[in-house]
Amino acid sequence: MSDIKTLIVDGLWTKNPALIQLLGICPLLAITTTLVNGLALGIATTVVLICTNSIVSLIRHTLLPSVRILIFVMIISSLVTTIDLLTNAFFHELHGVLGLFIPLIITNCTILAQAESVASRNSIGKSIISGGSAGLGFTAVLLVLGGFREIIGRGSLFSGIDMILGDSATDSFIKFPFDGALVAILPPGAFFGLAILIALRNLFIPTATIEQRLETNISESHG
Amino acid sequence: MNFPINSSPHVLPITSVPIIMRHVLYALIPSTIVYVWYFGFGIFINMLIASIAALISEAIMLRIRNRPIKPSLADGSAIVTAILIAFSIPPLAPWWLPVLGASSAIVLAKHLYGGIGANIFNPAMVGYAILLLSFPVQMTHWIPPQIENLGFQNIDLWSTVLYSVTGSLPSNLNLDAITQATPLDIVKGGLKNGISINELRSGPLFSQLGGYGWEWINIFTAFGGVYLLYKGIIRWHIPVSLLTSITIFAALFYLYDPNQNLSPSFHLLSGATVLGAFFIATDPVSAAATNQGRLIYGASIGALTYAIRTWGGYPDGLAFAVLLMNLMVPLIDRFTTPKIYGQQQ
Amino acid sequence: MATATVIFAGIAIVLAILLIVSSHYLSTTENEVIDKIESLLPRIQCAQCGYPGCRPYAAAIVTDKADINLCPPGGNETVRRLAKFLGSDFSPVTKYSTTANLNEIAFISEELCIGCNLCLRACPVDAIVGTHQSMHTVISDHCTGCRLCIPPCPVDCISLVSRNA
Amino acid sequence: MLKYPLFQSFYGGVHLESHKNTSNHKQIARDFLPSRLIIPMNQQFGSDAIPSVKVGQLIQKGEVIGKPAEKNTTAVHASCSGRVGAIEKHPVPTAGKVSTSTCVIIETNDENNIAAQKPPLFKNHLDKLTAINHAGIVGLGGAAFPTAEKLNRKSSHCEMLILNGAECEPYISCDDLLMQEHATEVLRGALAMMEIVGAELTVVVIEKDKPKAIEAISNAIETIGSKCIRLTDIPTMYPTGGERQLVEALTGKEVPSGKYPIDVGCICQNVGTAYALDCFFQLGEPLINRIVTVTGQGVKNPQNVAVPIGAPIVELIKFCGGYDGEVSQLILGGNMMGYTVDTDQLPVTKSTNCIITTKKATTPKPFEIWPCIRCGECIPVCPVRLLPQQILKAYENKNFEELGKLGLSECIECGCCDVVCPSHIPLVENFRKAKHLRMQEIKSSELSNAAQKRYELKTQRLSSQHANTEKLHADLKESIKESSKNDMIKAAVERSKKRRDKK
């Protein structure tokens, strides 16, 4: 039980792919111009993660070590293509916005890392939980970054929600009483935003200070 | 008798960081006076707001980083950054523009990299670039020179203050009526629409050498720069190579087609060319270190500035040219290391 | 559909063959890694890590049996270097050595030495000379200050002195 | 022939505020007789001299009191007549710091007649060099390198003898006054040196801020009438007086790293050394005096004094009127490259060219030190063309490899970068520490390599020994088995034989 709990906590926080492992930065930086974009990409990534993890886990005993990466990539790309076609069929508008970035999920290192380090070594159940929690952790970061950039860069929140909820929700986004600083929407804003998130993470997990504290403890006890 | 032991050399240093910064500020006085003559007192308000914002953010960052606050505040580097930002934003600007510019310069470009001496990028130019990217509209609303015979509506000091603080203008004034694009902006837009240089330069904002008013600001900035050279605060390599390379590029293209390309004098005397050459590119922290490297650095900034002005998306490319070349500084330094005495290369 | 599948399967097979061949020929030999790790260690052969010398310890690190924080003379500085090289996490040295530098060497007191030869066998760098029944001495240029000679001495005649004294 | 434009170029350096006029307007004082002499035995490169006198012995001025311990080191002489009071360890200024050395302490008396008062005669060239060594003559510029040793480097051809009267340190004026008062003697000494090394040309180098010395030397050149002495005045710029810098300034050639000026055909000698050599050749007087500039705001009558070697600084200061108010620092050597000492109980040695007493106003306070702002002012002033700011950075990062690449070991510690640094960073101090650390690092890595090698050898030896023993044991067992088998067979054969015989 506690094993599953660690898996979930790992994916969401302690081994969060975007914040701690700094994987999948490319879609993270490119797509988070609004919260809704971030959400959509996050969901797509999570679905791909769960599927690839379960498939890789199933075939893990038959893998040849030297060509495993090749096989992972083949599996991931097939799945992503499927999801790309599905979104195009059922969420055509969203597909228009995410367009290029759904195929780009293939290059998201989170998925490859999960396949390599989790799915190819664990049972299917564990792999699915790990993949799902990592996907959700990634989605959470996309949401926070997307929301942050949208508020600062456009002065709005949930714009484009209609792409997910349908036309009835066209006007149901929040507009703040300022126009926003455009730089947050532009590529530099993505880097600033991610940097701030990582800085905040360092406040909670100060890796450097742990090292220092341990050192001083030892030198005190010996000095 | 017992005497203290000190390390050699036993001699007083001949200069110090605060003295350098103070001279830089002195050198900016003539151009400020001309600026006020042409564009009104708006720049004073911006300077004041930017300086306060810079000092406050400097103090906060020093506090967060557990560094002594007083000596770093007193060295005047934050004020120099703030004044340079005030020079690069329109005289008629809402108060938060200089505040955002100065504080992002100090926080993002200076202290996140480790404070004075450790910044890779020129803080003032980072502040300016962030403002320009974020608020393109406000950053290009420039009031025209406040000279009677040009036929523009003038704005007095009180209205400037009022606009800065509240964002609203007296009822008889309209923001669009009293603001204009800068000469470089007009040229850029005009050329895109197929208007020739000659037609463009017959407009009221242009004069013989460059933009009306701008030419004199640039010339007086150059006086300040010469003062810095005379005082030994800066060395001649960067300004000379920068101005030379802009002149050469401008001259080549101007000779090729005077109707599509601006004259060298226009390039030299409009926008931030001279300010950049003497005050921005010479910022020691982010510039190349060796004389040879400084020549390369200055010439590259000149070339990039010309390229961005002519073919880029922004009317004045100096800030971006400086930032790009800041990135190249370690490389330049690496390849311009002088040969050490007595060592074979 | 069929064409696409065939093309991709073809590409995959070609790449797979390439990968298999390259994994066979381009792999780094373990020895190179061991050499590099050994060069990062202080190499005073003190055996405080639990391995007979620095190279065995380096080999143990490479074959994933040993932690990187077992070297007391190297201190945290060495752990940091190893962590950087191996891409693993830093953790401080588990035990502290009293000789954390190379500035001390062993010294055999001439009055007490009984010529038992035990220290001679303990010295990892052959820095002690002497034979049975005669007094031993330390070659100061070669001594690394590892202290391995101290425990075997039955008469406690070995002490550490500063290298420069 | 007055001047000859021999000056080529000089890289780097700084203009410093001159303090020479504090001490250079008076003539050299020659009547200083200390009550006590502390004569150190370690005044030269190589091993210390061995005291050759006994406590209580009466000695005459110029008598040898310390014999050279090695062939190439110099002897030490008594600078005044008197009685040996003690032979003991005493703090002595040596090469940038105060250390302890064996000293002969002499209680002086008034009989100041020189032991040998006739010009020495030499059988041959080698004899001459030995004699110079025995006269205790060393370079008086500050490093105290044995003069004979320097003149004896015959492996390369020497084209030019550079007579160094540049004296770029802003406080020192002892060479200035020496050239003014003894121009002829200095030039005669130079001619003698030229003869020894076989040079064709002597160039006297004087900085432009010493017009009187320039005049005196040019007059003396005319008087002597020698065609192979030339005078060149070089711009007043610190540190032109450095040996390597001087070679570059005059010839445009660089002295390769780790080599000496003689490798590019030059020999540099201080004017003071030339004078001492002349005194020895003309009068037979060994090196027992040197001219010391006593200067600074903290002394009442700053002046140049001819000081017997070994005179305590405290008595010298007293001779110059004593301290003027509170003195904050005592500097031996110039203010740029000299070093502070904590007590005035030290003797003047052959390398002491100047004593500066500073008061509060000129002593650098612990300034506010700003971080390096990369202004690059330190780069054009470095005479060795280093990048001080990058060396500092590499030192802060403890990047020894980078320090080596940046040429840290070439730093001559002249202090030019310190003077111009607007952040007031003590660069030279940091570089000294960096050099020290780097040497330690190199040493410890050498030690580690050696230890590794010896460990490998030992393991190899042990394993081969082990293998040998194993093999021996196996063979033994085998042989025992073999032999026992044979025995059994023999025994059985024997028994069966016996049985057969019984039948």
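Convention: sequence-line order gives letters A, B, ...; per-chain numbering from 1. The figures here come from the full heavy-atom set of this structure, side chains too, leaving out hydrogens, waters and symmetry mates.
Residues Pro380(D) and Arg235(B) meet the side-chain proximity criterion, which asks for heavy atoms closer than 4.5 Å. Residues Ser16(B) and His424(D) meet the side-chain proximity criterion, which asks for heavy atoms closer than 4.5 Å. Put simply, the side chain of Leu387(D) reaches to within 4.5 Å of the side chain of Pro338(B), judged on heavy atoms. Met336(D) places none of its side-chain heavy atoms less than 4.5 Å from the side chain of His10(B).
Heavy-atom distances place both the backbone and the side chain of Ile14(B) under 4.5 Å from chain D. With a 4.5 angstrom heavy-atom cutoff, Val420(D) touches chain B via backbone and side-chain atoms both. Heavy atoms of Pro426(D) lying under 4.5 Å from chain B are absent altogether. Using a 4.5 Å cut-off between heavy atoms, Gln389(D) contacts chain B through its side chain alone, with no backbone atom that close. For chain B, the nearby part of Glu410(D) is the side chain; its heavy atoms alone come within less than 4.5 Å. Contacts between Leu330(D) and chain B at a heavy-atom distance below 4.5 Å involve backbone atoms as well as side-chain atoms. In this structure, chain B has a heavy atom under 4.5 Å from the backbone of Leu406(D), while its side chain stays farther away. Only the backbone of Lys253(D) comes within contact range of chain B, with heavy atoms under 4.5 Å apart. Contacts of Lys405(D) with chain B are made by backbone atoms alone, with heavy-atom separations under 4.5 Å and no side-chain atom involved. Looking at Pro170(D), neither its backbone nor its side chain comes within 4.5 Å of chain B, counting heavy atoms on both sides. Heavy atoms closer than 4.5 Å to chain B are found in both the backbone and the side chain of Arg244(D).
How far CH2 of Trp370(D) is from CD1 of Ile116(B): 9.0 Å, rounded to the nearest 0.5 Å. Atom CG of Asp283(B) is separated from atom SG of Cys375(D) by 11.0 Å, given to the nearest 0.5 angstrom.
Chain B forms the most heavy-atom pairs under 4.5 Å with one residue out of Val341(D), Leu386(D), Val428(D), and that residue is Val341(D). With respect to chain D, the highest number of heavy-atom pairs below 4.5 Å among Pro18(B), Gly115(B), Ser286(B) belongs to Pro18(B). The most heavy-atom pairs under 4.5 Å with chain B, out of Gln390(D), Gln245(D), Glu429(D), Met337(D), come from Glu429(D). For chain B, the option among Gly407(D), Ser423(D), Gly376(D), Gly338(D) with the highest count of heavy-atom pairs below 4.5 Å is Gly338(D).
Listed for the Arg374(D) side chain is a donor-acceptor partner under 3.5 Å among the backbone atoms of Val285(B).
Residues of residues 326-333 of chain B lying under 4.5 angstrom from chain D, judged on non-hydrogen atoms, are Val329(B), Asp333(B) in numerical order.
Other residues, nucleotides and ligands contribute only 12 or fewer heavy atoms inside 6.0 Å of the NZ atom of Lys393(D).
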- [ ] Take Val255(D) and Tyr341(B) through the side-chain contact (heavy atoms from CB on, under 4.5 Å) test and state the conclusion after the steps.
- [x] CA-CA 8 Å; Val255(D) 181; Tyr341(B) 180 104; 3.7 Å; yes
